[in-house]
Amino acid sequence: MIDEICFDYNKIKIRLILNPKEVAQLKLYHEPFFKYAFSEQRKIEKIHLPELKPHTHIIICKSQVPSKNKDDILFMGTTNADCWMIFSHPLIVMAGDIFYAIEQKSND
C-alpha cells in the first residue's frame, strides 16, 4: 500500500508518494525557533511550548538570531514539567510586535 502526501510550498504543489513504512520516518524541516506575532496589545505571562522537552532552556528575543546586545533579549528561562515557560514579569507586547522563543542547546 502506498500513501500520498500533498502540500503547497510557496505556491508550488508538491506531491510525495511514499511507502507506509517511510511515512512514519518522514521528518519535515523544523525551524530552530518559535515565532509569536500579535495584532493587538497584550500582556503575556506564560507561553506553552509542547514541541519541546520539559526543562528546556529558552531565550525570548526580538530577532530569530539572538545577538549579544542585551536589548535584543527579552527573557531567559526554562520550561517547567508541563512545557510552559512562565515569565518572572509579564511581557507587554504592542500591536505588530514579534518575538521569538529559541531553544538553547546544552554545551555537553
Side-chain angles (χ1 to χ4, degrees):
M1 182 176 148
I2 295 179
D3 283 336
E4 181 177 333
I5 299 173
C6 296
F7 56 93
D8 289 345
Y9 179 74
N10 289 340
K11 298 183 180 181
I12 299 171
K13 291 195 185 271
I14 298 173
R15 183 174 152 195
L16 301 173
I17 299 176
L18 302 168
N19 183 321
K21 292 178 184 176
E22 294 171 342
V23 171
Q25 298 174 3
L26 179 67
K27 291 187 178 185
L28 298 177
Y29 178 75
H30 173 69
E31 292 286 352
F33 56 82
F34 300 91
K35 181 179 178 181
Y36 296 86
F38 301 91
S39 60
E40 57 190 39
Q41 181 177 346
R42 291 179 183 227
K43 179 169 84 168
I44 310 296
E45 297 178 353
K46 61 184 178 177
I47 57 173
H48 193 220
L49 298 161
E51 298 87 358
L52 300 179
K53 294 178 182 174
H55 310 292
T56 301
H57 297 286
I58 303 292
I59 299 174
I60 304 295
C61 59
K62 295 178 185 177
S63 68
Q64 54 191 339
V65 180
S67 67
K68 297 190 187 240
N69 181 356
K70 296 249 181 193
D71 293 337
D72 187 40
I73 297 173
L74 303 172
F75 185 79
M76 294 175 72
T78 304
T79 58
N80 64 17
D82 297 325
C83 296
W84 282 94
M85 181 172 201
I86 301 171
F87 299 126
S88 56
H89 57 278
L91 183 64
I92 307 297
V93 294
M94 306 305 284
D97 279 358
I98 295 173
F99 71 81
Y100 299 87
I102 304 169
E103 180 181 2
Q104 274 189 300
K105 301 292 182 188
S106 62
N107 293 334
D108 332 301

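What you see is a predicted model, and the numbers here were worked out from it, not measured in a lab. The residues of the chain are indexed from 1 along the displayed sequence.
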Novice: What distance separates L49 CG from T56 OG1, expressed to the nearest 0.5 Å?
Specialist: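 The CG atom of L49 sits 8.5 Å away from the OG1 atom of T56.
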
Novice: To the closest 0.5 Å, what do you measure between NZ (K62) and CD1 (I98)?
Specialist: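 K62 atom NZ to I98 atom CD1 measures 12.5 Å (nearest 0.5 Å).
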
Novice: Closest approach of T79 and K53, non-hydrogen atoms and distance?
Specialist: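 Closest approach of T79 to K53: OG1-O, 3.5 Å.
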
Novice: Once you round to the nearest 0.5 Å, how far does CG of L91 lie from NZ of K43?
Specialist: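 Interatomic distance, L91 CG to K43 NZ, rounded to 0.5 Å: 11.5 Å.
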
Novice: Applying ring-ring contact (aromatic ring centres under 6.0 Å, His included), name anything that partners H57, two or more places apart in sequence or on another chain.
Specialist: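 With neighbours one apart ignored, the set is empty.
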
Novice: For F75, check ring-ring contact (aromatic ring centres under 6.0 Å, His included) against everything at least two apart and list the hits.
Specialist: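 Partners of F75 under the ring-ring contact (aromatic ring centres under 6.0 Å, His included) test: F87.
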
Novice: Test of understanding: clusters of I, L, V, M, F, W, Y form through side-chain heavy atoms closer than 4.5 Å, transitively. Do F34 and F38 belong to the same one?
Specialist: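 Yes, one cluster joins them.
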
Novice: Out of I47, I102, I44, I73, which residue meets the side chain to side chain contact (heavy atoms under 4.5 Å, CB included) rule with I60?
Specialist: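 That would be I47.
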
Novice: Please work out which of the three classes, parallel, tilted or perpendicular, describes the rings of Y100 and F33, given edges at 30° and 60°.
Specialist: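 Because their plane-to-plane angle is over 60°, the rings of F33 and Y100 count as perpendicular.
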
Novice: State, to 0.1 Å, how close C83 and P54 come at their nearest heavy-atom pair, and which atoms those are.
Specialist: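 Here C83 and P54 meet closest at SG-N, 3.8 Å.
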
Novice: Indicate, with yes or no, if I58 and V93 share a hydrophobic cluster defined by side-chain heavy-atom contacts under 4.5 Å among Ile, Leu, Val, Met, Phe, Trp and Tyr.
Specialist: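 Yes, V93 connects to I58 through the hydrophobic network.
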
Novice: For the residue pair M76 and M85, what are the closest heavy atoms and their distance?
Specialist: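 Closest pair (atom of M76, atom of M85, distance): C-CE, 4.1 Å.
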
